[in-house]
Trainee: 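Submitted below is the structure of interest, expressed as structure tokens.
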Amino acid sequence: MPRCAVLLLAFVLCCVQSPLAGSAEGDSLLADLKVAFIYNFTRFIQWPEAPADQPFVIGVVGDPVMENRLRVLEQESRQVNGRPIAIHAYAYPGAPDCCEILFVGGAADAELEAIVRRTAGQPVLLVGDTPGYAGRGVAIELFRKPDVFRKTERLRLRIDPAALRERGLVISAQLYDVAEVMQ
């Protein structure tokens with residue numbers, strides 16, 4: 001893995017803080033940080049090989065704001081292993097048909113069990129930002145954690161290794177080093 005990728009992830013995980021207050025600026029920064037995390041997950045997780053002519057699909061369900069923010073990856077022509085990134089929005093209870101990453105927003109909470117069942121056994125990385133999702137089948141939960149002085153907070157991640165194993169995804173030990181890992 002290139003050293004610059006490790007440094008970029010370390011910077012995002014350790015240095016960037018956002019205000020605790022729910023200001024528009026703070027919310028915008030938080031959404032941008034979530035996009036950066038999701039994009040960087042592509043560098044630390046291995047999916048089964050796919051044809052180079054197929055896009056790397058990042059799906060979104062239950063969060064139109066994240067869908068719009070993730071579209072920047074398409075607009076900037078970002079790629080994963082030479083495959084262009086495509087963003088697909090899914091209406092629930094519609095089943096995600098084919099994606100490598102599925103971001104599950106809080107508005108899809110009532111559908112989470114169905115989403116987990118429909119994607120079970122497939123190499124789909126489920127990511128969410130709703131508290132408790134990591135214990136309900138989502139492999140990576142993004143959450144905010146206040147600093148020691150409770151004036152700012154950091155965006156952190158919680159990993160559920162069982163959810164990753166069930167989907168046949170291999171994660172780099174470097175990602176485990178910067179995350180809370182569920183037992």
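Every value quoted in this text rests on a predicted model; they were computed, and no experiment measured them.
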Trainee: Can you measure from CD1 (Ile85) to OG1 (Thr42) and round to the nearest 0.5 angstrom?
Mentor: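 Reported value, rounded in 0.5 Å steps: 6.0 Å.
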Trainee: Any non-hydrogen side-chain atom of Ile45 less than 4.5 Å from a side-chain atom of Ile140?
Mentor: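 In short, these two side chains touch, coming nearer than 4.5 Å.
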Trainee: Please round to the nearest 0.5 Å and tell me the distance separating atom CD1 of Ile87 and atom CG of Leu70.
Mentor: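 The distance works out to 5.0 Å.
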Trainee: Between the side chain of Arg83 and the main-chain N/O of Gln54, is any donor-acceptor distance below 3.5 Å?
Mentor: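 Judged by distance alone, yes, a pair lies under 3.5 Å.
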Trainee: Roughly how far, to the nearest 0.5 Å, is CD of Glu180 from CZ of Arg158?
Mentor: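 Separation between the atoms: 4.5 Å.
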Trainee: Would you mind reporting whether Leu112 and Thr130 have side-chain heavy atoms less than 4.5 Å apart?
Mentor: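 No, too far: nothing below the 4.5 Å cut-off.
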Trainee: Run the side chain to side chain donor-acceptor pair (under 3.5 Å) test on Tyr133 and Asp109 for me, step by step, so that the C-alpha distance in whole Å, both residues' side-chain angles and the decisive distance to 0.1 Å come before the verdict.
Mentor: CA-CA 9 Å; Tyr133 270 19; Asp109 188 64; 3.2 Å; yes
Trainee: Are the side chain of Gln122 and the backbone of Arg118 linked by a donor-acceptor contact shorter than 3.5 Å?
Mentor: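 Yes.
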Trainee: Step by step, would you call Glu113 with Val116 a side chain to side chain contact (heavy atoms under 4.5 Å, CB included)?
Mentor: CA-CA 5 Å; Glu113 283 184 39; Val116 170; 5.8 Å; no
Trainee: Heavy-atom distance under 4.5 Å between the side chains of Trp47 and Ile101, does that happen here?
Mentor: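 Result yes, sub-4.5 Å side-chain heavy-atom pair found.
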Trainee: Is Glu67 salt-bridged to Arg71, going by a charged N under 4.0 Å from an acidic O?
Mentor: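 A salt bridge is present here (some side-chain N lies under 4.0 Å from a carboxylate O).
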Trainee: Is Glu100 paired with Arg167 through a side-chain N to carboxylate O contact shorter than 4.0 Å?
Mentor: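 Between Glu100 and Arg167 there is no salt bridge, as every charged N stays at least 4.0 Å from the carboxylate O atoms.
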Trainee: Can you see which heavy atom on Ala139 is nearest to which on Ala163, and at what distance?
Mentor: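 Residues Ala139 and Ala163, closest heavy atoms: CA-CB, 3.8 Å.
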Trainee: Do the side chains of Leu169 and Tyr176 join up, straight or via other hydrophobic residues, at under 4.5 Å, putting them in one cluster?
Mentor: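 Yes; tracing contacts between hydrophobic side chains, which count when under 4.5 Å, links both residues.
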Trainee: Can you confirm whether Val104 sits close enough to Val127 that some side-chain heavy atom of one is under 4.5 Å from a side-chain heavy atom of the other?
Mentor: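 No, their side chains stay 4.5 Å or more apart.
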Trainee: Got a second to check how far Arg136's CZ is from Leu126's CG, nearest 0.5 Å?
Mentor: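 If we round to the nearest 0.5 Å, Arg136:CZ and Leu126:CG are 12.0 Å apart.
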Trainee: Any chance you could measure Leu73, atom CG, to Gln79, atom CD, to the nearest 0.5 Å?
Mentor: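 Separation between the atoms: 12.0 Å.
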Trainee: Kindly check if the number of other-residue, nucleotide or ligand heavy atoms within 6.0 Å of CD (Glu49) is above 12?
Mentor: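 At most 12 heavy atoms, drawn from other residues, nucleotides or ligands, come within 6.0 Å of this atom.
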Trainee: Quick one, Leu157 and Ile159 - any side-chain contact, counting heavy atoms below 4.5 Å?
Mentor: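 Yes, at least one pair of side-chain atoms sits under 4.5 Å.
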Trainee: Hey, could you give me the CZ/OG distance between Arg43 and Ser172, rounded to the nearest 0.5 Å?
Mentor: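 Those atoms lie 13.0 Å apart.
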Trainee: What are the two closest non-hydrogen atoms of Ala107 and Gly62, and how far apart are they?
Mentor: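 Between these two residues, the closest heavy atoms are CB-O, 3.2 Å.
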Trainee: His88 versus Val60: any side-chain heavy-atom pair under 4.5 Å?
Mentor: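 SC-SC contact between His88 and Val60 ruled out.
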Trainee: Before giving the answer on side chain to side chain contact (heavy atoms under 4.5 Å, CB included), spell out for Ile58 and Cys99 the whole-Å C-alpha distance, their side-chain angles and the decisive distance to 0.1 Å.
Mentor: CA-CA 6 Å; Ile58 299 175; Cys99 61; over 6 Å; no
Trainee: Around atom CG of Asn81, are there more than 12 heavy atoms from other residues, nucleotides or ligands closer than 6.0 Å?
Mentor: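 Atom CG in Asn81 is not packed in, count stays at 12 or less.
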Trainee: Indicate, with yes or no, if Met182 and Leu155 share a hydrophobic cluster defined by side-chain heavy-atom contacts under 4.5 Å among Ile, Leu, Val, Met, Phe, Trp and Tyr.
Mentor: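 Different hydrophobic clusters.
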Trainee: Restricting to non-hydrogen atoms, name the atom on Asp63 and the atom on Gly105 that form the minimum distance, rounded to 0.1 Å.
Mentor: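 Heavy atoms only, the tightest pair is CB-CA, 3.9 Å.
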Trainee: Cluster question for you: counting only ILVMFWY and a side-chain heavy-atom cut-off of under 4.5 Å, with indirect links fine, are Phe143 and Leu125 together?
Mentor: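 No: no chain of side-chain contacts under 4.5 Å links Phe143 to Leu125.
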Trainee: Any side-chain heavy atom of Phe103 within less than 4.5 Å of one from Val61?
Mentor: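 Not touching, per the 4.5 Å side-chain cut-off.
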Trainee: Would you say Glu141's side chain and Ala134's backbone share a donor-acceptor pair under 3.5 angstrom?
Mentor: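 Side chain of Glu141 to backbone of Ala134, a donor-acceptor pair under 3.5 Å: yes, one is there.
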Trainee: Under the criterion side chain to side chain contact (heavy atoms under 4.5 Å, CB included), I'd like the reasoning laid out for Ile38 against Met66: C-alpha separation, chi angles, the key distance, then a yes or no.
Mentor: CA-CA 11 Å; Ile38 290 168; Met66 277 302 291; 3.7 Å; yes
Trainee: Examine Ile171 and Val181 and state if one hydrophobic cluster contains both, with Ile, Leu, Val, Met, Phe, Trp and Tyr joined whenever side-chain heavy atoms are less than 4.5 Å apart.
Mentor: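 In one cluster: yes.
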